[in-house]
Amino acid sequence: MNTLATVRSVLLQSRPRGAPLASDFVVAERTAPQPGDGEMLVQVELCSIDPAMRRWMDAESYGVPIALGGEIPCTVVGRVLDSRCNPHAAGEFVTGRGTVATHCLMRADGYTRCIDPNDPLPLSAHLSVLGTSGLTACNGLLKVGRPQRGDTVLVSAAAGSVGSLVGQIARIHGCRAVGIAGGPAKCRTLLETYGFDAAVDYRDRDVSSLTRAVREACPGGVDVYFDNVGGACLDAALAALNHRARVVLCGMIGEYDTDGATHGIRNLWQLIARTATMTGFLNREHLANCGAELQQLRQWVDQGRLRWQVHEECGLERFHAALLQLFEGTNRGRLVLRVGPG
Ligand code: NAP
């Protein structure tokens, strides 16, 4: 039994139209919940801030839309305060699905796992390279993109949390990695920090200029395109596909807050002309059974073959400002919100 009196969480007050406003959210306090059978009460240290949250705020979302007045789902790392959930016990550090809050009730679903307190990696690694970003990159690229040695792998939002890992995993698999990112600084980071072979700056380019830039950066064509953005980036990549190329539709951040006004894709014909495939990918369908992938990611981390960055914001009141950074491109790596000790 814990003695905690109240907890605080971010609630959705109104559904955003376009870019979210600060007034769409409120930080509210309520009586601390007690864990029921199969639940544990977790004191949250870090919450992930995910682009998909914007989609979950729409009334018609994939999955379950966030209810008005409801909490914002995310992945968390934190410490168990009280547990009625085998095998987890008070005092353990865990990661799993929670909410943007100081405390949350968690169940042991297939993804929830303990974190070794003696692990030298920071807790934030379990939200980034060893969390959903690493698993999205690994599962999406390897299971859907199926890269072969010598392939050219193109990825958008390449300097971000998922994209930077996609490029590095492609290189580990003997591929040429080409990244699309916003601005010269991020393009330099792709080459100098993450080891990409080439970088394309998409800012201030229309589709034809972007298509030319992608073709120049991929003179042998694109075998796998890992799309995190949609819109003009997707159109330009389609125009550069090779015969039997694979397009992994992982995200469309360029269209999440446009209120339905999407970029009409013009180059879909290329899928026919190149007998290429385009496949939607949802990482959560792979989370219940991700032990082997986590082990592989950990091995690459221990071998120094993966680099990642974490961008930390602090306090529940920063939720709205933090979320906007994903859409403005001002985050540098995995965006997390610190809400507890650390
Ligand atoms: P992130 O890449 O670390 O951050 C988002 C980045 O997107 C920004 O830094 C920005 O970089 C870029 N961006 C924002 N608006 C853009 C626009 N209009 N055009 C082009 N680029 C834009 O975020 P993340 O968490 O790793 O997520 C990346 C993508 O993966 C998102 O689309 C997300 O929804 C998706 N995702 C999908 C799954 C799944 O299961 N399918 C799971 C996790 C994530 P620039 O400065 O380069 O523009």
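Residue indices begin at 1 and follow the sequence shown. What's counted below: heavy atoms across the whole structure, side chains too, no hydrogens, waters or symmetry copies.
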Without hydrogens or angle criteria, can the side chains of His320 and Asp24 be said to hold a donor-acceptor pair below 3.5 Å? no

Relative to the ring of Phe25, is the ring of Phe319 parallel (under 30°), tilted (30 to 60°) or perpendicular (over 60°)? perpendicular

Grab the two heavy atoms, one from Ser156 and one from Tyr225, that are nearest each other, plus how far apart they are. OG-OH, 3.0 Å

Membership question, hydrophobic clusters at under 4.5 Å side-chain separation (ILVMFWY): are Val153 and Val162 in the same one? yes

Side-chain (Glu192) to main-chain (Leu190) donor-acceptor, under 3.5 angstrom: no

Quick one: pull up CG in Leu234 and CG in Asp227 and give me the separation to the nearest 0.5 Å. 4.5 Å

Do the side chains of Arg107 and Glu39 get close enough for a salt bridge, i.e. N-O under 4.0 angstrom? yes

For the residue pair Leu241 and Ala276, what are the closest heavy atoms and their distance? CD1-CB, 4.0 Å

Start with the C-alpha gap between Cys47 and Val339, add the side-chain angles, then the distance that decides, and say whether side chain to side chain contact (heavy atoms under 4.5 Å, CB included) holds. CA-CA 7 Å; Cys47 302; Val339 294; 4.2 Å; yes

Does one side chain, of Ser61 or Asp58, offer a donor that lies under 3.5 Å from an acceptor on the other? no

Just how far is it from atom CZ of Arg203 to atom SG of Cys187, taken to the nearest 0.5 Å? 10.0 Å

Salt bridge flag under 4.0 Å for residues Glu285 and Lys143: no

Is Asp235 close to Thr211 at the side-chain level, that is, under 4.5 Å between some pair of heavy atoms? no

Let me see the working for Arg15 and Glu60 under salt bridge (Lys or Arg N to Asp or Glu O under 4.0 Å), right down to the final yes or no. CA-CA 11 Å; Arg15 299 202 183 280; Glu60 286 184 24; over 6 Å; no

Could you pull out the closest heavy-atom pair between Leu11 and Ala28, with the gap in Å? CD1-CB, 3.6 Å

Could you tell me the separation between the CG atom of Asp201 and the CD1 atom of Ile180, rounded to the nearest 0.5 Å? 10.5 Å

Worked verdict on Glu255 versus Arg55 for salt bridge (Lys or Arg N to Asp or Glu O under 4.0 Å): CA-CA 10 Å; Glu255 308 198 355; Arg55 272 277 144 105; 5.9 Å; no

Val301 and Leu121, any side-chain heavy atoms less than 4.5 Å apart: yes

Is it the case that atom CZ in Arg284 sees more than 12 heavy atoms from other parts of the structure closer than 6.0 Å? yes

For Cys314 against Leu337, the heavy-atom pair lying closest together: N-CD1, 4.2 Å

Pair His311-Gln309, side-chain donor/acceptor within less than 3.5 Å: no

Answer yes if the side chains of Ser48 and Thr75 hold a donor-acceptor pair under 3.5 Å, and no otherwise. yes

Give a yes or no on whether Leu130 and Val166 share a hydrophobic cluster (residues Ile, Leu, Val, Met, Phe, Trp, Tyr; joining criterion: side-chain heavy atoms under 4.5 Å apart). yes

The test is side chain to side chain contact (heavy atoms under 4.5 Å, CB included); show your working for His173 and Leu142 and say whether it passes. CA-CA 9 Å; His173 279 75; Leu142 301 182; 3.6 Å; yes

Cluster link Val144 to Ile172, ILVMFWY, side chain under 4.5 Å: yes

Tell me whether Val7 is reachable from Leu46 by hopping between hydrophobic residues (I, L, V, M, F, W, Y) whose side-chain heavy atoms are closer than 4.5 Å. no

Could you check whether Thr132 and Arg334, counting side-chain N and O atoms only, form a donor-acceptor pair closer than 3.5 Å? yes

Check for a donor-acceptor pair, side chain of Glu92 on one end and backbone N or O of Arg79 on the other, with a separation under 3.5 Å. no

Distance, nearest 0.5 Å, that separates CG of Leu4 from CD of Gln34: 8.5 Å

Hey, are the side chains of Leu165 and Leu306 touching, using non-hydrogen atoms and a 4.5 Å cut-off? yes

Quick one, Arg298 with Asp119, criterion salt bridge (Lys or Arg N to Asp or Glu O under 4.0 Å). Give me CA distance, side-chain angles, the key distance, then yes/no. CA-CA 11 Å; Arg298 181 67 203 229; Asp119 191 332; 2.6 Å; yes

Correct closest heavy-atom pair for Thr95 and Met106 would be C-CE, 4.0 Å

Would you kindly say whether Trp56 and Tyr62 are connected by a side-chain donor-acceptor distance under 3.5 Å? yes

If I take atom CG from residue Leu326 and atom CZ from residue Arg54, how far apart are they, to the nearest 0.5 angstrom? 12.5 Å

Is it true that, when you exclude Asp204 itself, more than 12 heavy atoms of the residues, nucleotides or ligands shown sit nearer than 6.0 Å to its CG? no

Approximate separation, where rounding is to 0.5 Å, of Leu294 CG and Leu135 CG: 4.5 Å

Around Glu328, counting heavy atoms of other residues, nucleotides and ligands shown, do more than 12 lie under 6.0 Å from its CD? yes

More than 12 non-hydrogen atoms from neighbouring residues, nucleotides or ligands closer than 6.0 Å to CZ on Arg17, yes or no? no

Under 4.0 Å between a Lys/Arg side-chain N and an Asp/Glu carboxylate O for Glu45 and Arg338? yes

Would a single hydrophobic cluster contain both Val129 and Leu141, if residues Ile, Leu, Val, Met, Phe, Trp and Tyr are joined by side-chain heavy-atom contacts under 4.5 Å? yes

Applying salt bridge (charged side-chain N to carboxylate O under 4.0 Å, His left out) between Asp151 and each of Arg176, Arg246, Arg244, report the one that passes. Arg246

Are His286 and Phe281 close enough that their ring centres sit under 6.0 Å apart? yes

Exercise: identify the closest heavy-atom pair between Ala237 and Leu154: CB-CD2, 3.8 Å

So does Asp116 have more than 12 non-hydrogen atoms from other groups sitting under 6.0 Å from CG? yes

